[in-house]
Amino acid sequence: MKKTLKIFGLALLATSLMFTACKKDDEEENNNEEQQQEETTPTLSITFDGTTTTEFNYLKALYSTDVDTLYTRTRAAANWADDGNVTLPYLDAFVVRDTMWKVTNVEFGNNGNEMNELTDYFEEFTGNWWFYRLQNGSTIDDADFSNGNLSYNFNLSVISAYERYIEDKDKEDCTVKDLNIKATKLKFVRATASK
């Protein structure tokens with residue numbers, strides 16, 4: 001009888017270990033799936049002058065090609081209403097790849113009055129901060145245009161377009177600030193028409 005109880009006890013212990021092991025495997029599998037989903041969820045974040053924005057009700061990621069050149073445009077705003085009213089902040093970033101990747105133009109908007117004056121001056125909608133130079137630590141990853149995906153992390157200097165063009169200051173006298181744009185697995189679609 002002692003022998004039967006001992007065998008039964010060992011069997012019970014082995015069964016509980018087996019269920020524990022299965023439960024742990026299931027948890028690890030679920031955690032891996034959740035982590036993978038988090039890593040592949042497309043996101044965009046903008047940090048300007050210490051303020052980070054991650055919520056954009058208006059976001060367009062477009063691309064087009066011409067011979068051996070790929071053009072991408074990321075345009076985002078807190079909101080862009082059908083009547084044309086834009087809720088700031090606003091971003092318009094152009095990145096091009098021919099023999100290498102290049103940031104060709106970035107406009108950032110955080111001041112509606114300055115943007116309105118600049119828009120009147122140039123006769124087209126524009127941000128009040130413009131691309132000045134690319135800083136160290138900027139990267140482009142996961143460029144997979146078979147799926148339209150692109151990830152990048154740009155550390156930029158931007159210059160006050162308002163001071164430069166409306167106040168007519170020399171470039172070296174204009175305010176320059178840092179702008180970080182981080183896109184993770186952003187889904188780009190072929191451009192047809194712009195807004």
Side-chain angles (χ1 to χ4, degrees), residues 32-81 84-112 114-115 118 124-161 176-195:
N32 286 341
E33 284 175 16
E34 287 172 14
Q35 185 179 2
Q36 220 173 21
Q37 190 173 13
E38 284 176 17
E39 289 173 1
T40 58
T41 302
T43 60
L44 176 68
S45 72
I46 299 171
T47 302
F48 176 77
D49 204 23
T51 301
T52 300
T53 305
T54 57
E55 297 292 323
F56 299 96
N57 288 323
Y58 176 85
L59 176 59
K60 297 270 186 190
L62 305 172
Y63 78 94
S64 63
T65 56
D66 178 30
V67 189
D68 292 332
T69 305
L70 172 70
Y71 302 92
T72 72
R73 181 181 196 181
T74 306
R75 204 168 195 197
N79 197 25
W80 196 315
N85 286 321
V86 177
T87 305
L88 304 178
Y90 161 78
L91 173 76
D92 199 3
F94 291 86
V95 181
V96 174
R97 184 184 72 191
D98 43 32
T99 57
M100 59 186 282
W101 284 102
K102 292 177 265 200
V103 177
T104 57
N105 186 48
V106 173
E107 294 177 10
F108 177 75
N110 69 334
N111 182 310
E114 290 183 4
M115 289 175 66
L118 284 161
E124 65 180 48
F125 187 77
T126 186
N128 57 308
W129 295 93
W130 288 8
F131 176 62
Y132 189 55
R133 71 172 57 100
L134 193 62
Q135 299 176 4
N136 290 337
S138 297
T139 58
I140 294 182
D141 305 306
D142 300 324
D144 177 9
F145 275 84
S146 61
N147 293 321
N149 291 335
L150 180 64
S151 296
Y152 56 76
N153 184 27
F154 296 143
N155 296 313
L156 310 167
S157 294
V158 289
I159 191 168
S160 171
V176 174
K177 293 196 176 191
D178 292 337
L179 173 68
N180 173 265
I181 308 167
K182 185 173 184 181
T184 305
K185 300 232 183 252
L186 220 50
K187 181 77 172 167
F188 284 74
V189 296
R190 186 171 289 279
T192 53
S194 64
K195 176 180 177 184

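- Using a 30° and 60° split on the angle between ring planes, Phe108 and Phe48 fall in the tilted class, from 30° to 60°.
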Problem set entry | Leu179/Trp129 under side-chain contact (heavy atoms from CB on, under 4.5 Å): CA gap, chis, key distance, verdict | CA-CA 9 Å; Leu179 173 68; Trp129 295 93; over 6 Å; no

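- Side chain to side chain, Asn110 and Asn128 meet the donor-acceptor criterion of an N or O pair below 3.5 Å.
- Atoms CG and OG1, on Leu91 and Thr53 in that order, are 10.0 Å from each other to the nearest 0.5 Å.
- Residues Met115 and Thr126 fail the side-chain proximity criterion, which asks for heavy atoms closer than 4.5 Å.
- The line from NZ of Lys60 to CG of Asp92 is 13.0 Å long, rounded to the nearest 0.5 Å.
- Here the two rings, on Tyr152 and Trp101, have centers that are 6.0 Å apart or farther.
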For this session: Please report the C-alpha distance between Thr65 and Arg190 in whole Å, then the side-chain angles of each, then the deciding distance to 0.1 Å, and finally whether the side-chain contact (heavy atoms from CB on, under 4.5 Å) criterion is met.
Result: CA-CA 9 Å; Thr65 56; Arg190 186 171 289 279; 3.5 Å; yes

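- Residues Leu62 and Phe188 share a closest heavy-atom pair of O-CD2, 3.2 Å.
- Considering every non-hydrogen atom in both Tyr63 and Leu70, the closest pair reads CD1-CD1, 3.7 Å.
- Atoms CG and NZ, on Leu156 and Lys177 in that order, are 15.0 Å from each other to the nearest 0.5 Å.
- The two residues Asn105 and Phe131 come nearest to each other via the heavy atoms C-CB, 4.3 Å.
- In terms of modelled atom types and a separation under 3.5 Å, the side chain of Thr52 and the main chain of Thr47 share no donor-acceptor contact.
- Thr184 places no side-chain N or O within 3.5 Å of a backbone atom of Thr43 that could act as its donor or acceptor partner.
- Around atom CG of Asp49, more than 12 heavy atoms belonging to other residues, nucleotides or ligands sit under 6.0 Å away.
- Considering OG of Ser138 and CD1 of Ile181, their distance stands at 9.0 Å, rounded to 0.5 Å.
- In terms of heavy-atom proximity, Asn111 sits nearest to Leu88 at N-CD1, 3.6 Å.
- The shortest non-hydrogen separation linking Phe154 to Ile140 is CE2-CG1, 3.7 Å.
- The structure places CD1 of Ile46 at 5.0 Å from CG of Leu44, a figure rounded to the nearest 0.5 Å.
- Side-chain contact check for Ser151 versus Leu186: every heavy-atom pair is 4.5 Å or farther apart.
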Exercise. When you look at Asp68 and Asp98, which way does the side-chain contact (heavy atoms from CB on, under 4.5 Å) test go after all the steps?
Worked result: CA-CA 6 Å; Asp68 292 332; Asp98 43 32; 5.9 Å; no

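- Atom NZ of Lys102 and atom CG of Leu134 lie 13.0 Å apart (nearest 0.5 Å).
- Nearest heavy-atom pair, Gly127 versus Ala161, reported as atom, atom and distance to 0.1 Å: O-CB, 4.4 Å.
- Classified by interplanar angle (parallel below 30°, tilted 30° to 60°, perpendicular above 60°), the ring pair Tyr58/Trp80 is tilted.
- Within the 4.5 Å cutoff, the side chain of Thr74 has heavy atoms near those of the Leu59 side chain.
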